[in-house]
Amino acid sequence: MSYSIPRSYLLSGVILILAGFVYWEAENIPSLTTDLSVVDAAFFPTAIAILLAVLALMVAWQGRNNTSDRIVFTLTPAFRKAALFVGIMIAYALALPTVGFELSSLTFLMLTMWLLGMRSKVLAVVLSVMVTSLIYIIFINLMYVPIPSLLKNL
Amino acid sequence: MDAFVLAQAELFQPHVLFMLFCGVCGGIAVGSMPGLTATMAVAIMTSFTFHMDAISAIMTLIGVYFGGIYGGSISAVLLHIPGTPSAVMTARDGYPMALRGEGGRAIGIATWSSFMGGLIGMILLMLFAPLISKFALRFSAPEYFALAVFGLSIVASISDKSLTRGLIAALLGILICLSGVDPMTGMARFTFGLPDLYSGFQFIPVMIGLFGLSEILTQLSSQEYRFVAQKLTKIIPSWSQIKQLNVTILRSALIGVGIGALPGTGGAIASFVAYNSARNNSNKPEKFGQGVPQGIAASEAANNASCGGALMPMLTLGIPGDAITAILIGALILHNVQPGPMLFVSNPEVVYSIYTGGILASLFMATVGFLLAARLFARLISFPRYVLLPIILILCIVGSFAVNNSLFDVYVMIGFGVVGYIAKNLGIPLTPLVLGVVLGPILEENLRTAIVMSQGEFIFFLTRPIAVFFILVTVFSLCFQKWKANRRMR
């Protein structure tokens with residue numbers, strides 16, 4: 001099951017929607033000056049929204065003769081894997097404050113290594129422990145980065 | 001002369017040289033890690049220098065400064081993640097070289113260019129510090145605005161295939177900077193009710209997401225991933241290679257010093273401008289972005305030379321040239337050394353030791369870079385994917401957190417990783433987007449300030465010679481590029 005659309009049309013559509021959103025948001029920024037609108041906080045976003053809309057229309061115009069360059073929407077296993085990794089990263093960030101850096105990092109590393117094809121459990125554990133320890137030493141011990149840590153709270 | 005001799009006697013003591021060397025090594029290690037910047041390293045190291053004598057403390061920090069700026073090139077070349085903002089342009093040509101198996105050579109070129117850039121920067125600092133600082137003081141809002149416009153003209157050369165898409169990318173970059181509290185009116189813009197967004201998006205997580213995570217997502221969603229064995233021979237550039245790079249390095253170093261001396265600019269803008277200049281002067285500009293040594297040389301020579309430039313206003317006027325020199329000023333004051341015009345009278349030995357220390361730091365940096373960093377780090381990229389990608393991913397996360405000690409920045413990084421992935425698929429080049437992020441705040445703030453200064457008279461810009469100069473250079477540069485492109489077409 002796949003669906004395709006010319007790349008330039010899709011880009012043009014996305015940028016037009018974004019430009020409209022920015023323009024609308026900028027309209028809601030209160031004005032502080034009456035005689036010098038350039039100084040207002042809304043001036044720059046409004047100008048950029050207009051420029052983006054013009055450029056989006058130019059992209060669509062330039063791409064009218066090249067509709068063969070298309071983006072195909074299809075859920076390949078590789079695309080699913082990329083999406084899965086984004087999900088795992090968000091889960092890791094969510095787990096950090098509660099589980100702590102050590103456990104969440106070990107789990108994250110072992111899981112991602114396994115998903116990418118490492119089949120030796122011993123090597124995965126050894127590498128995960130090594131990398132977690134090294135990052136712990138550099139970031140938490142030497143650079144004083146206050147990453148939520150179980151060991152530090154003991 | 002007595003002060004000069006005294007400075008050398010203090011500097012060439014074994015423990016001072018050792019601290020300088022350690023500073024360089026530490027700076028390289030920190031700079032090469034995504035998220036850990038030279039600014040952060042200098043700030044943290046300042047606390048370790050409390051109990052040192054003034055010269056040892058300053059040398060340690062100078063070492064970290066120079067090493068940190070160079071270190072950013074390593075992850076830029078090998079992982080496509082610029083370790084520091086000023087290494088963004090290094091990634092543009094360094095990474096394609098690493099993908100061809102020339103990672104060692106790319107780091108070698110970056111090392112040589114950084115060394116020469118640092119050296120030229122320090123020599124110019126010694127010769128022209130008071131002169132350039134006085135010139136830099138003449139820059140006000142209209143001049144900075146004109147400089148930012150000139151910087152944006154670089155979009156024309158880094159837009160890959162389509163200028164329209166490059167302009168869209170640059171505007172999107174400027175849009176990213178608009179989030180947060182407006183510095184002039186105090187109004188919140190594009191914060192969507194999130195308190196974390198009141199200070200805007202942090203640059204480093206945005207950059208790690210756009211370059212690092214988007215690259216990993218592209219690799220994960222591509223079936224054609226291949227391992228590239230890195231050739232670790234010919235790391236030190238040959239004499240013929242050096243000769244080919246000499247002009248680029250010299251020109252870029254001069255640009256780096258000039259821009260570095262302007263307070264509030266820094267190495268990132270210097271490397272953008274130097275890269276553009278190298279491309280405009282090349283016989284094969286279309287090869288830039290595909291892995292040409294001149295691209296790496298321009299970026300690295302400029303950002304390291306900007307260190308010397310940033311030290312100029314710091315030493316002569318007591319004004320920081322960038323964030324790192326602001327911290328250095330604090331460190332000097334901690335050791336009872338007051339930067340500014342009186343420094344040359346009250347503590348001339350400190351000035352001379354900084355001159356010599358900067359040159360020695362460049363030498364140490366080149367030695368460590370050639371003998372250790374290139375060989376050690378270039379092997380990293382040859383690791384199997386199932387080892388390398390998880391390590392890069394965790395560094396992306398921890399590095400983003402480290403910038404502001406905030407989990408919000410981690411989500412920002414992930415968000416911009418997805419944005420970068422989508423942008424690549426839509427054909428939007430990422431480098432102009434980063435250019436927009438760097439120049440956006442300078443452009444907006446200075447345009448609005450200039451308009452207020454002139455009470456709404458746009459003609460005001462034409463009464464400022466430096467601003468007019470930059471506008472003319474911008475127009476000339478764009479016309480020259482168009483003329484060259486037309487000539488190539490024929």
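Here is how names work: the chains are called A, B, and so on, in the same order as the sequence lines, proteins then strands, and each is numbered from 1. Every value quoted in this text rests on a predicted model; they were computed, and no experiment measured them.
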Determine yes or no for a side-chain-to-main-chain donor-acceptor pair under 3.5 angstrom, with B:Thr191 supplying the side chain and B:Ala188 the backbone. no
Residue selection (most heavy-atom pairs with chain B, distance under 4.5 Å) from A:Thr112, A:Leu10, A:Leu11: A:Leu11
One option among A:Leu94, A:Leu123, A:Leu115 has the most heavy-atom pairs under 4.5 Å with chain B, and it is A:Leu94
Side chain, backbone, both or neither: which part of B:Ile168 has an atom under 4.5 Å from a heavy atom of chain A? both
Answer with side chain, backbone, both or neither: which region of A:Ile90 has an atom nearer than 4.5 Å to a non-hydrogen atom of chain B? both
I'd like to know if B:Arg448 and B:Asp182 make a salt bridge, using a cut-off of under 4.0 Å between side-chain N and carboxylate O. yes
Once rounded to the nearest 0.5 Å, what's the spacing between atom CD1 of A:Ile15 and atom CG of A:Leu55? 9.0 Å
Between B:Val418, B:Leu217, B:Ile397, the one whose heavy-atom pairs under 4.5 Å with chain A are most numerous: B:Ile397
Under 4.5 Å from any heavy atom of chain B - which part of A:Leu51: both
Taking side chain as everything from C-beta outward and backbone as N, CA, C, O, which of these in B:Leu171 sits under 4.5 Å from a heavy atom of chain A? Side chain, backbone, both or neither. both
Between B:Ile174, B:Ile422, B:Asn425, B:Ile216, which shows the greatest number of heavy-atom pairs under 4.5 Å with chain A? B:Asn425
If I measure from the heavy atoms of chain A, does B:Val398 come under 4.5 Å with its side chain, its backbone, both, or neither? both
Give a yes or no on whether B:Met453 atom CE has more than 12 heavy-atom contacts from other residues, nucleotides or ligands under 6.0 Å away. yes
Pick from B:Val410, B:Leu175, B:Val387 with the largest number of heavy-atom pairs that fall under 4.5 Å of chain A: B:Leu175
Chain A heavy atoms under 4.5 Å from B:Ile428: which part of the residue, side chain, backbone, both or neither? side chain
Okay, A:Leu127 and chain B: the region with an atom under 4.5 Å from a heavy atom over there is side chain
Can you say whether A:Phe21 sits under 4.5 Å from chain B via the side chain, the backbone, both, or neither, judging by heavy atoms? side chain
So, the part of B:Ile394 with a heavy atom under 4.5 Å from chain A: the answer is both
Contacting moiety of B:Leu213, where chain A heavy atoms sit under 4.5 Å: side chain
What I want to find out is whether B:Arg189 reaches B:Glu444 closely enough, with some N-O distance under 4.0 Å, to be called a salt bridge. yes
From B:Cys396 atom SG to B:Leu79 atom CG, the distance as rounded to the nearest 0.5 Å: 8.5 Å
To the nearest 0.5 Å, tell me how far A:Ile88 CD1 sits from A:Leu84 CG. 4.0 Å
Looking only at the side chains, is there a donor atom on one of B:Tyr421 and B:Ser221 sitting less than 3.5 Å from an acceptor on the other? yes
Could you tell me whether the side chains of A:Ser105 and A:Tyr92 share a donor-acceptor contact shorter than 3.5 Å? yes
Can you check whether A:Arg70's main-chain N or O pairs, donor with acceptor, with A:Ser4's side chain at less than 3.5 Å? no
Side chain from CB out, backbone as N, CA, C, O: work out which of these in A:Ser8 comes under 4.5 Å of a heavy atom of chain B, or both, or neither. both
So, the part of B:Leu393 with a heavy atom under 4.5 Å from chain A: the answer is both
Of the listed A:Lys81, A:Met58, A:Met89, the one with the largest count of heavy-atom pairs under 4.5 Å with chain B is A:Met89
Examine whether an atom of A:Ile135 lies under 4.5 Å from a heavy atom of chain B, and if so say whether it belongs to the side chain, the backbone or both; otherwise answer neither. side chain
Would you say OH of B:Tyr411 has more than 12 non-hydrogen atoms from neighbouring residues, nucleotides or ligands within 6.0 angstrom? yes
What I want to check is whether the side chains of A:Glu102 and A:Thr132 have a donor and an acceptor closer together than 3.5 Å. no
